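Data block below; observations after.
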Amino acid sequence: MIVVTGATGGLGGATVAHLLRRVPADRIGVSVRDAAAARHLADRGVRVRQGSYEDPAALRDSFAGAEQVLLVSGNDPAADLVALHRNAVGAAVEVGVRRIVYTSQQGAVPGNPYPPSDIHRATEAVLDDSGVAWTALRNGAYGPLDQVLGPWRRTGVIARPADGPVPYTDRDDIAEATAVVLAGDRAFDGPVTLTAPTAVTLEELAGIASGLTGAAVRRVVVDDARWVADQVASGVPERMARLLLTWYQAARAGHFAEAGPLLAELLGREPRTAADRLAARRAA
């Protein structure tokens with residue numbers, strides 16, 4: 001039995017979809033906040049149980065009988081995510097799970113100014129102290145590229161703070177590789193990095209976008225303080241704007257520059273690049 005948390009979310013849901021292509025549905029369980037939202041999985045034979053990281057008892061019920069559990073990291077900036085992840089790890093240990101797989105983040109190392117890095121590092125420490133075999137998938141940035149690039153299609157400008165090379169990674173590739181790890185015979189102990197094959201800067205992405213559209217797309221570097229002020233003026237809460245700024249600061253410091261081969265090995269093909277994703281988005 002493989003149990004997946006967060007299975008009605010983007011990454012968790014895509015991982016379950018890929019698992020269903022690899023193992024029988026009755027070997028898959030999901031732990032979700034709202035069981036009704038996972039009815040489509042129950043209809044396919046997946047075991048659906050209600051569970052949340054705030055409720056250890058419910059988690060124990062959700063995880064019962066599992067050999068492996070995929071802990072999809074929380075994303076509520078107002079929550080004590082390390083404590084919630086500790087609840088989930090504890091529940092998995094109590095019911096006898098043999099391996100915990102956790103969705104961590106590329107660059108989860110000391111000195112990274114992006115605060116989620118500290119959360120992932122602390123959670124990995126909890127896993128290391130658990131006494132259970134564990135794998136931390138340090139995933140490359142897999143959010144929508146438009147979220148990173150801004151409204152360049154309308155303005156012809158990528159106006160963002162100074163950055164650095166990042167292997168922008170396709171979320172579905174991450175989900176497929178996660179399913180391969182969960183369903184396969186190859187064990188990974190500790191942290192491993194999953195990224196697209198090439199790290200690129202926003203300057204390089206502007207060049208790629210120019211080639212795709214046939215129109216010049218300019219890269220404009222915006223001063224950090226000015227960028228935060230502009231974000232706040234556009235309606236973004238200041239706390240969130242400053243959090244987003246730390247991501248660019250981490251990128252310019254090289255914390256996301258590594259592009260490793262493991263994702264391609266797991267997929268058995270080349271992962272989608274940022275250029276592939278921009279081209280597909282344009283075609284759509």
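These figures come from a predicted structure and were not determined experimentally. Throughout, numbering of the chain's residues begins at 1 and tracks the sequence.
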So, the side chain of [X] versus the backbone of [Y]: is there a donor-acceptor pair under 3.5 Å, distance only?
{"X": "Thr8", "Y": "Ala38", "value": "no"}
{"X": "Arg47", "Y": "Ser62", "value": "yes"}
{"X": "Asp163", "Y": "Arg252", "value": "no"}
{"X": "Thr201", "Y": "Pro165", "value": "no"}

Would you name the heavy atoms of [X] and [Y] that are closest together and state the gap between them?
{"X": "Ala141", "Y": "Val166", "result": "CB-CG1, 4.3 Å"}
{"X": "Glu124", "Y": "Ser104", "result": "OE2-OG, 2.7 Å"}
{"X": "His255", "Y": "Pro110", "result": "CE1-O, 4.4 Å"}

Considering only distance and modelled atom types, tabulate donor-acceptor pairs under 3.5 Å from the side chains of residues 84-95, sequence neighbours left out.
{"unit_1": "His85", "atom_1": "ND1", "unit_2": "Leu81", "atom_2": "O", "d": "3.3"}
{"unit_1": "His85", "atom_1": "ND1", "unit_2": "Thr123", "atom_2": "OG1", "d": "2.9"}
{"unit_1": "His85", "atom_1": "NE2", "unit_2": "Gly74", "atom_2": "N", "d": "3.0"}
{"unit_1": "Asn87", "atom_1": "ND2", "unit_2": "Tyr53", "atom_2": "O", "d": "2.9"}

Salt bridge present between Arg171 and Glu176 (N-O < 4.0 angstrom)
no
Determine, for Arg219 against Glu203, whether the closest basic-nitrogen to carboxylate-oxygen distance falls under 4.0 angstrom.
no
Honestly curious: do [X] and [Y] fall in one hydrophobic cluster under the side-chain, below-4.5 Å linking rule?
{"X": "Ile100", "Y": "Leu194", "answer": "no"}
{"X": "Leu262", "Y": "Val109", "answer": "no"}
{"X": "Val126", "Y": "Val192", "answer": "no"}
{"X": "Val30", "Y": "Val69", "answer": "no"}
{"X": "Leu182", "Y": "Leu137", "answer": "yes"}

What pairs with [X] under side chain to side chain donor-acceptor pair (under 3.5 Å), at least two apart in sequence or on another chain?
{"X": "Gln68", "result": "none"}
{"X": "Arg39", "result": "none"}
{"X": "Glu258", "result": "none"}

Can you name the residues that form a salt bridge (Lys or Arg N to Asp or Glu O under 4.0 Å) with [X], not counting sequence neighbours?
{"X": "Asp223", "value": "none"}
{"X": "Arg272", "value": "Asp170, Asp173"}
{"X": "Asp61", "value": "Arg49"}
{"X": "Arg33", "value": "Glu54"}

With sequence neighbours excluded, residues passing ring pair (Phe, Tyr, Trp, His ring centres under 6.0 Å) with Tyr248
Trp227
Test side chain to side chain contact (heavy atoms under 4.5 Å, CB included), reference Ser31, set Val4, Thr5, Leu71, output is Thr5
Please identify which of these residues, Leu205, Ile158, Leu202, Leu244, meets the side chain to side chain contact (heavy atoms under 4.5 Å, CB included) condition with Val148.
Leu202
For Asp276 and Thr273, test the side chains for any donor-to-acceptor distance below 3.5 angstrom and give the result as yes or no.
yes
Tell me the ring-ring contact (aromatic ring centres under 6.0 Å, His included) pairs involving residues 152-210, sequence neighbours left out?
none
Give every residue pair that meets the side chain to side chain donor-acceptor pair (under 3.5 Å) criterion with at least one member in residues 180-199, sequence neighbours excluded.
Arg99-Asp189
Apply the test side-chain contact (heavy atoms from CB on, under 4.5 Å) to residues Trp247 and Asn112: give CA-CA distance (whole Å), side-chain angles for both, the deciding distance (0.1 Å), then the verdict.
CA-CA 9 Å; Trp247 187 87; Asn112 189 330; over 6 Å; no
Looking at CG of Asn139 and OG1 of Thr178, how far apart are the two atoms once the value is rounded to the nearest 0.5 Å?
5.5 Å
Are Pro261 and Pro197 packed together at the side-chain level, in the sense that at least one heavy-atom pair is separated by less than 4.5 angstrom?
no
Any side-chain heavy atom of Leu145 sitting closer than 4.5 Å to one from Arg281?
no
Just wondering, more than 12 heavy atoms not from Asp146 lying within 6.0 Å of its CG?
yes
Evaluate the side-chain contact (heavy atoms from CB on, under 4.5 Å) criterion for residues Val180 and Arg22: first the C-alpha distance (whole Å), next the side-chain angles of each, then the deciding distance (0.1 Å), finally the verdict.
CA-CA 8 Å; Val180 170; Arg22 288 168 170 77; 3.6 Å; yes
N/O donor to acceptor pairs below 3.5 angstrom from side-chain atoms of residues 207-215, sequence neighbours left out:
{"unit_1": "Ser210", "atom_1": "OG", "unit_2": "Ala206", "atom_2": "O", "d": "2.9"}
{"unit_1": "Ser210", "atom_1": "OG", "unit_2": "Val217", "atom_2": "N", "d": "2.8"}
{"unit_1": "Ser210", "atom_1": "OG", "unit_2": "Val217", "atom_2": "O", "d": "3.4"}
{"unit_1": "Thr213", "atom_1": "OG1", "unit_2": "Ala209", "atom_2": "O", "d": "2.9"}
{"unit_1": "Thr213", "atom_1": "OG1", "unit_2": "Ala215", "atom_2": "N", "d": "3.2"}
{"unit_1": "Thr213", "atom_1": "OG1", "unit_2": "Ala215", "atom_2": "O", "d": "3.2"}

Which of parallel (below 30°), tilted (30 to 60°) and perpendicular (above 60°) describes Tyr114 and Phe256?
perpendicular
